[in-house]
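Working notes, beginning with the structure itself.
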There are 2 protein chains.
Amino acid sequence: MADTAIARRGTRPSADATRDAILTAALDEFAERSFDGATMRAIATRAGVTQPLLNYHFSAKDELWRAAVDRLFASLDRVIAARAAGLRGVDELTATKLIVREFVEFSARNPQLHRIITAESKTDGPRLDWLVDHHVRPIYDATTNRFARLTELGLLPDVAPVHLYYLLTGGAATMFVLAPECRRLAGIDPFADDTIAAHADAVVALLFGSSEPER
Amino acid sequence: MADTAIARRGTRPSADATRDAILTAALDEFAERSFDGATMRAIATRAGVTQPLLNYHFSAKDELWRAAVDRLFASLDRVIAARAAGLRGVDELTATKLIVREFVEFSARNPQLHRIITAESKTDGPRLDWLVDHHVRPIYDATTNRFARLTELGLLPDVAPVHLYYLLTGGAATMFVLAPECRRLAGIDPFADDTIAAHADAVVALLFGSSEPER
DNA sequence: GTCTATAATTAGATAGAC
DNA sequence: GTCTATCTAATTATAGAC
């Protein structure tokens, strides 16, 4: 991050803000319409600039996609690392429950994360290769290692970690990924604070069999 | 189904088989690449016909999409109805566990179902309207009514049905929707028979707290 | 019914002025 | 850095022969 700031020294003052606006617009468009459905023109309009300017800041559509995804995962990593750092000394089961809650909350505040993962992970291709190698694998390894330790301690049902991983990520994120559907079906706003908290309660209760949320 | 057969009486013998091949190809393409990413040419090639023939059988791209989705949901409805019919007289908890297992199995054998739902339910639009009105709402209502009854009997944790619905559908389907990712991360084939069975076990165990699969 | 050929539209990317 | 104008390629859909 310091690197890029240094690398971009000498650019005009507005450039960084423009780059940022483009990345935000790109993330939303890619998440809502998937890679093929998102057009460079739509992203430009959403960012309040003209379309060729995107090709000035990012040489091609898929480079823009990678930059937007990088920023999103950096945000996730920052949030989870900060939460974990505040839990040193706490027993592993309680720490895991609280990290899971943080993950549910992040999934709700940033539905783009799982929308993009889902869109790209359905089919093999260069974007999936990149996504797994650069971002998903470290998260998967850390999560399944944690589950394996808890299962060994008898604190989780004896289920292979890969199943727990997809139960957790799918169960936590789907209501927010499918927010427009959820609004129609249930008549509720999944992004309301109390709905997010209730969903976090439900995820933790089903995974760990506890009905008492801890904070 | 009898209706369409009657309505199409008089067509040449090969027409029905061609229509069917097109629908199968369309479902796979739409599921893998989403609506915008799927091209009529790719569908035609996969079906072994030329592109303009799709516009002969289906007037436009989104009519083809609807026809393919209709056939898939008809298959789901048939499978679940058959399973439920075989469970008359069985107590509701056991029946629900077995229907959930059937649903997990169907999600594995037909990952197109949740791939298409996910792609379309991220954004409001005419295809989501149609999808919810014609297919998802009846399933949602039946599922949440069942959950509400079981919760009232104390057989499910006291969690609002909408949360259970998204925990179930997301938890059951995600591993199969993201099969290419899962292969890379865990090095396993999620579509292997024993993996599907293990995932069904895990879903039932976490939802209903039972570790003994029933059949 | 199914094909070949093609029209009309829209996409991503580049050239060049300011 | 950001714009206007435009190129090339690819898309859906239609016309018309067989």
Side-chain angles (χ1 to χ4, degrees), chain A residues 4-30 32-69 119-120 125-127, chain B residues 4-30 32-69 119 123 125-127:
Chain A
T4 39
I6 288 166
R8 239 181 292 114
R9 187 178 30 202
T11 57
R12 298 194 190 174
S14 66
D16 269 25
T18 302
R19 246 186 91 99
D20 234 58
I22 293 172
L23 286 174
T24 301
L27 190 68
D28 290 341
E29 280 288 317
F30 284 131
E32 284 177 20
R33 309 211 188 275
S34 299
F35 186 82
D36 292 302
T39 73
M40 298 289 270
R41 278 180 159 76
I43 294 168
T45 302
R46 201 190 269 237
V49 298
T50 56
Q51 177 259 321
L53 192 60
L54 307 202
N55 288 89
Y56 171 80
H57 285 285
F58 307 92
S59 64
K61 188 183 184 183
D62 67 278
E63 196 195 303
L64 172 57
W65 179 86
R66 279 194 296 271
V69 172
E120 300 302 333
R127 287 194 300 279
Chain B
T4 40
I6 289 166
R8 238 180 293 117
R9 188 181 25 206
T11 57
R12 297 194 190 175
S14 65
D16 269 24
T18 301
R19 245 185 92 98
D20 234 57
I22 292 172
L23 286 175
T24 300
L27 189 68
D28 290 340
E29 280 289 315
F30 284 131
E32 285 177 21
R33 310 213 188 275
S34 298
F35 186 82
D36 292 301
T39 72
M40 298 288 270
R41 276 179 159 75
I43 294 168
T45 302
R46 203 190 268 237
V49 298
T50 56
Q51 177 260 322
L53 192 61
L54 306 202
N55 288 88
Y56 170 80
H57 284 284
F58 307 91
S59 65
K61 188 182 181 183
D62 67 278
E63 197 196 302
L64 172 57
W65 180 87
R66 280 195 295 272
V69 173
T123 322
R127 286 193 302 276

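It should be emphasised that the depicted structure is a prediction, and the values quoted were computed from it without experimental measurement. Convention: sequence-line order gives letters A, B, ...; per-chain numbering from 1. Scope of the values below: all heavy atoms of this structure, side chains included, with no hydrogens, waters or symmetry mates.
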Can you name the closest pair of heavy atoms from [X] and [Y] and give their distance?
X: A:A47; Y: A:A21; result: CB-O, 3.7 Å
X: A:E29; Y: A:A42; result: OE1-CB, 3.6 Å
X: A:E120; Y: A:W65; result: CG-CZ2, 3.6 Å
X: B:I22; Y: B:H57; result: CD1-CD2, 4.0 Å

Can you check the [X] [atom1] to [N] [atom2] distance for me, whole Å?
X: A:D36; N: D:dT12; atom1: CG; atom2: P; answer: 11 Å
X: A:L64; N: C:dA11; atom1: CG; atom2: P; answer: 16 Å
X: B:K61; N: D:dT14; atom1: NZ; atom2: P; answer: 15 Å
X: B:W65; N: D:dT12; atom1: CH2; atom2: C1'; answer: 18 Å
X: A:R19; N: D:dT2; atom1: CZ; atom2: C1'; answer: 16 Å
X: B:R33; N: D:dT12; atom1: CZ; atom2: P; answer: 13 Å
X: B:Q51; N: C:dT6; atom1: CD; atom2: P; answer: 15 Å

*asked:* Nearest 0.5 Å, please: how far is CD in A:Q51 from CD1 in A:I43?
replied: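 It comes to 10.0 Å.
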*Ignoring backbone atoms, establish whether A:T50 has a side-chain N or O less than 4.0 Å from OP1 or OP2 of D:dC3.*
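Checking D:dC3 against A:T50, a side-chain N or O does come within under 4.0 Å of OP1 or OP2.
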*asked:* So B:L64 and B:L23, do their side chains get closer than 4.5 Å, heavy atoms only?
replied: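 They are in contact (side-chain heavy atoms under 4.5 Å apart), so the answer is yes.
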_Those residues of residues 39-47 of chain B lying under 4.0 Å from DNA chain D by at least one heavy atom_ =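 Per residue number, the list reads B:T39, B:M40, B:R41.
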_Positions of residues 52-59 of chain A (non-hydrogen atom under 4.0 Å from DNA chain D), listed by number_ =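 The stretch gives A:P52, A:L53, A:Y56, A:H57 as the residues lying under 4.0 Å from the strand, ordered by number.
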*Mind telling me whether B:F30 and B:F35 have parallel, tilted or perpendicular rings, with 30° and 60° as the class edges?*
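Plane angle under 30°, so parallel.
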*asked:* So does B:G37 get a backbone contact from the side chain of B:S34, meaning a donor-acceptor N/O pair under 3.5 Å?
replied: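 Side chain of B:S34 to backbone of B:G37: no pair is present.
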*Is A:R46 salt-bridged to A:D28, going by a charged N under 4.0 Å from an acidic O?*
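Looking at A:D28 together with A:R46, the answer is yes, because their closest N to O distance falls below 4.0 Å.
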